[in-house]
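Only one structure is covered here, and it is reproduced in the block below.
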Amino acid sequence: MRFTSLIVELVRAKPRWIFWSAVLALALLWLIVPTALYLSPPGDVPTVLAFGREYQVGTALGPPLSFWLADIAFRAVGGYAFGVYLLAQICFVVMMGAVFALARALVGAQQGVLAALLTLAIAAFSFPGLEFGPDVLARPLWALTLLHAWRVIGERQRGAWFALSIEIGLLFLTTAMAPVLLALLVIFALATARGRAALRSIDPLFGALVIAVIALPYMIWRARSGAPLPHPALTSIEVYARQSGELFGALLLSALGVVALIVANARIFEPKGENAPAIFRPPVEPLARQFVVFFGALPPLLFVLASPVFGLDHVAGGDGVALMLIGLFAVILGGDLIYLRRQQVLRTIWLLAMAVPVIVVLVAVFVQPWTDATETQTSLPARAMGKFFADNYKLRTNRPLSAVAGDPEIASLIGLGASSRPQVLFSSLYGKTPWVDAATINTGGGLIVWRAHDTVGAPPEAIAKTFPGLVAEVPRTFDRLIEGRLEPLRIGWGVVRPRDTK
């Protein structure tokens with residue numbers, strides 16, 4: 001008698017229930033983990049918020065949409081990072097919903113949920129999306145773009161042109177890779193008969209107009225600001241080969257969960273006598289197969305090969321965009337019947353792919369402070385630092401804290417932790433933040449912070465030269481979430497008084 005697990009029966013009978021249960025559970029998990037364990041947002045989120053508060057049409061960090069949305073989400077929940085975490089998980093859910101909708105249209109709901117679960121294994125293992133920014137926002141927009149591109153080309157739905165053009169326009173406001181992604185869409189359309197037929201209608205002209213209207217403000221800013229276009233920065237073939245290999249290895253590591261699942265499900269490992277259940281799909285039309293192969297295989301290869309040429313130490317556009325359709329790509333190659341062999345092993349591998357990143361976070365929070373002297377940004381108390389320095393600045397000047405400079409990491413955390421949301425001057429971006437510079441702080445006042453390694457807390461030479469007359473205050477010590485073996489978090493600081501303050 002054949003035994004079929006409950007999971008397999010649910011995949012066959014209720015694929016949408018399986019999909020939404022897995023996606024929403026993972027999104028909830030990655031909403032709870034940082035909210036409960038992080039005192040400060042991870043990665044570049046403080047910088048994203050510092051730029052987002054200015055609502056500039058364009059900045060040195062790229063198109064503005066992700067920065068705007070991050071600041072809106074941050075303010076919407078009363079100035080807490082929870083809003084940014086929630087926004088990141090909304091992006092994740094929308095991305096997965098679009099991938100599942102595309103998979104259903106191409107391979108049916110049953111194999112579509114398998115493709116979605118494979119994509120989840122990649123997403124959870126490699127890019128859970130905690131560090132909201134351009135790459136995270138680009139994921140749902142690219143997923144929606146692929147979905148509506150298939151509606152236009154594969155299903156001949158003229159009504160999908162409007163959504164497609166809006167999504168492409170928003171991509172231009174989100175990531176510098178938007179022109180490359182649009183070029184891939186155009187190349188695929190020109191290479192297929194149905195794509196050329198779709199381009200011969202009048203709809204692309206209206207779509208181009210919508211894209212231009214959305215992206216025009218940023219394009220005007222680029223033209224007026226003289227921001228340089230990306231240009232090759234290749235030094236040698238040896239360096240290029242090494243960097244390309246490292247990026248390819250990083251992508252392969254990101255897809256390790258999918259690779260492990262495919263290997264574990266291979267026929268050569270099938271136990272003798274096992275009658276594995278199969279997940280069926282209707283025959284896939286050639287255009288659908290071409291669509292998945294093109295957008296599943298080409299972006300990872302193209303981005304890995306191109307990124308070192310332009311001096312990038314990461315995959316251009318982010319892992320999420322590059323690996324968007326890898327799960328669906330594996331399902332397409334799997335055939336009309338996909339046998340689920342060694343189901344217990346498959347479940348274990350998939351659950352491990354979900355659990356390993358959480359375990360890594362828990363180790364970094366609770367174990368690393370006791371075993372390593374390396375500090376993690378998420379252990380720094382942003383709100384406590386922001387409140388202390390904002391209150392002391394107001395006591396000394398009778399004004400709310402309006403600007404903070406010095407150590408970029410500490411300054412950006414104070415910028416989001418202080419209730420007045422002061423502007424942040426980044427020392428590495430002098431001249432690229434026109435809303436604030438050293439002269440503005442020397443005239444209008446501000447707070448200067450740095451890492452102090454003793455109780456004297458003298459400012460570093462570079463800070464003393466930039467802000468002459470700065471008088472160092474007694475350094476302030478703050479408590480991390482877990483101190484462990486780390487040296488005390490001692491922050492040196494000083495106030496630059498406004499010129500008209502006596």
Side-chain angles (χ1 to χ4, degrees), residues 34 38-75 77 79-88 91 127-139 173-177 218 221 225 227 312-314 316-318 320 375-383 385-386 389-390 401-418 420-438 440-441 446-451 463 491:
Y38 288 174
L39 295 183
S40 295
D44 293 331
V45 174
T47 302
V48 170
L49 289 170
F51 275 71
R53 76 175 295 283
E54 306 301 331
Y55 289 93
Q56 298 287 307
V57 176
T59 68
L61 299 186
L65 184 58
S66 61
F67 303 96
W68 296 348
L69 293 180
D71 187 72
I72 291 171
F74 185 79
R75 293 176 185 271
V77 296
Y80 288 88
F82 174 81
V84 184
Y85 302 148
L86 178 61
L87 178 60
C91 289
F127 49 89
L130 292 181
E131 299 182 20
F132 181 81
D135 290 350
V136 172
L137 182 59
R139 296 169 193 169
L173 287 182
T174 300
T175 174
M177 291 299 294
Y218 176 65
W221 174 85
S225 66
L312 300 178
D313 59 357
H314 60 276
E375 179 184 74
T376 58
Q377 178 178 292
T378 55
S379 68
L380 304 182
R383 295 192 69 82
M385 292 190 294
F389 289 119
L401 178 60
S402 59
V404 58
D407 182 277
E409 181 183 37
I410 301 301
S412 61
L413 293 179
I414 294 172
L416 65 90
S420 59
R421 291 294 308 280
Q423 295 177 321
V424 180
L425 173 62
F426 293 92
S427 57
S428 60
L429 294 174
Y430 279 141
K432 297 182 179 180
T433 54
W435 52 87
V436 62
D437 56 19
T440 303
I441 294 178
L447 175 76
I448 315 301
V449 293
W450 59 90
R451 297 269 186 166
I463 288 180
I491 307 300

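This structure is a prediction, so every number in the text was calculated from the model and none was measured.
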**Fill in**
Of all heavy-atom pairs linking Glu131 and Asp44, the shortest is OE1-N, 4.0 Å

**Prompt:** When rounded to the nearest 0.5 angstrom, what is the spacing between CG in Leu413 and CZ in Arg383?
**Reply:** 12.5 Å

**Message:** For Arg421, is there any backbone N or O sitting under 3.5 Å from a side-chain donor or acceptor partner on Arg53?
**Reply:** yes

**Ile441 vs Ile448 side-chain heavy atoms within contact, under 4.5 Å** = yes

**Asked** Any idea how Tyr85 and Tyr38 line up, ring-wise: parallel (<30°), tilted (30 to 60°), or perpendicular (>60°)?
**Response** perpendicular

**Complete:** Heavy-atom closest pair (Val424 atom, Trp435 atom, distance to 0.1 Å) is O-NE1, 4.3 Å

**Message:** Can you give me the closest heavy-atom contact between Phe74 and Ala81, atom names plus distance?
**Reply:** CE1-N, 3.8 Å

**Prompt:** Are any non-hydrogen side-chain atoms of Phe67 and Leu137 less than 4.5 angstrom apart?
**Reply:** no

**Request:** Determine yes or no for a side-chain-to-main-chain donor-acceptor pair under 3.5 angstrom, with Gln56 supplying the side chain and Phe51 the backbone.
**Result:** no

**Message:** For a 4.5 angstrom cut-off between non-hydrogen side-chain atoms, does Leu86 reach Val77?
**Reply:** no

**Request:** Output yes when a side-chain donor or acceptor of Ser40 lies under 3.5 Å from a complementary backbone atom of Leu380, and no otherwise.
**Result:** yes

**Fill in**
The reported gap from CD1 in Ile491 to CE in Met385 (rounded to nearest 0.5 angstrom) is 6.0 Å

**Asked** Can you tell if the side chain of Pro41 reaches within under 4.5 Å of the side chain of Phe132, non-hydrogen atoms only?
**Response** no

**Request:** Determine yes or no for a side-chain-to-main-chain donor-acceptor pair under 3.5 angstrom, with Thr175 supplying the side chain and Gly317 the backbone.
**Result:** no

**Asked** What distance do Cys91 atom SG and Asp135 atom CG have between them, rounded to the nearest 0.5 Å?
**Response** 11.5 Å

**Request:** Please check if the side chain of Trp68 supplies one atom and the backbone of Glu54 the other of a donor-acceptor pair under 3.5 Å.
**Result:** no

**Fill in**
On a heavy-atom basis, the closest approach of Thr174 and Ala138 is CG2-N, 3.8 Å

**Request:** Please lay out, stage by stage, how Arg75 and Asp71 fare under the test salt bridge (Lys or Arg N to Asp or Glu O under 4.0 Å).
**Result:** CA-CA 6 Å; Arg75 293 176 185 271; Asp71 187 72; 2.6 Å; yes

**Prompt:** Are Val48 and Val84 close enough that some pair of their side-chain heavy atoms sits under 4.5 Å apart?
**Reply:** no

**Request:** Measure the CD1-CZ distance between Ile414 and Phe389 for me, rounded to the nearest 0.5 Å.
**Result:** 5.0 Å

**Asked** What are the two closest non-hydrogen atoms of Leu130 and Pro34, and how far apart are they?
**Response** CD2-CG, 3.6 Å

**Prompt:** Nearest 0.5 Å, what's the OG1-CG distance between Thr440 and Leu425?
**Reply:** 8.5 Å

**Asked** Looking at Ala403 and Val436, what are the two nearest heavy atoms and their distance?
**Response** CB-CG2, 4.4 Å

**Request:** Measure the shortest side-chain to side-chain distance between Leu39 and Ser379 over non-hydrogen atoms and say whether it is less than 4.5 angstrom.
**Result:** no

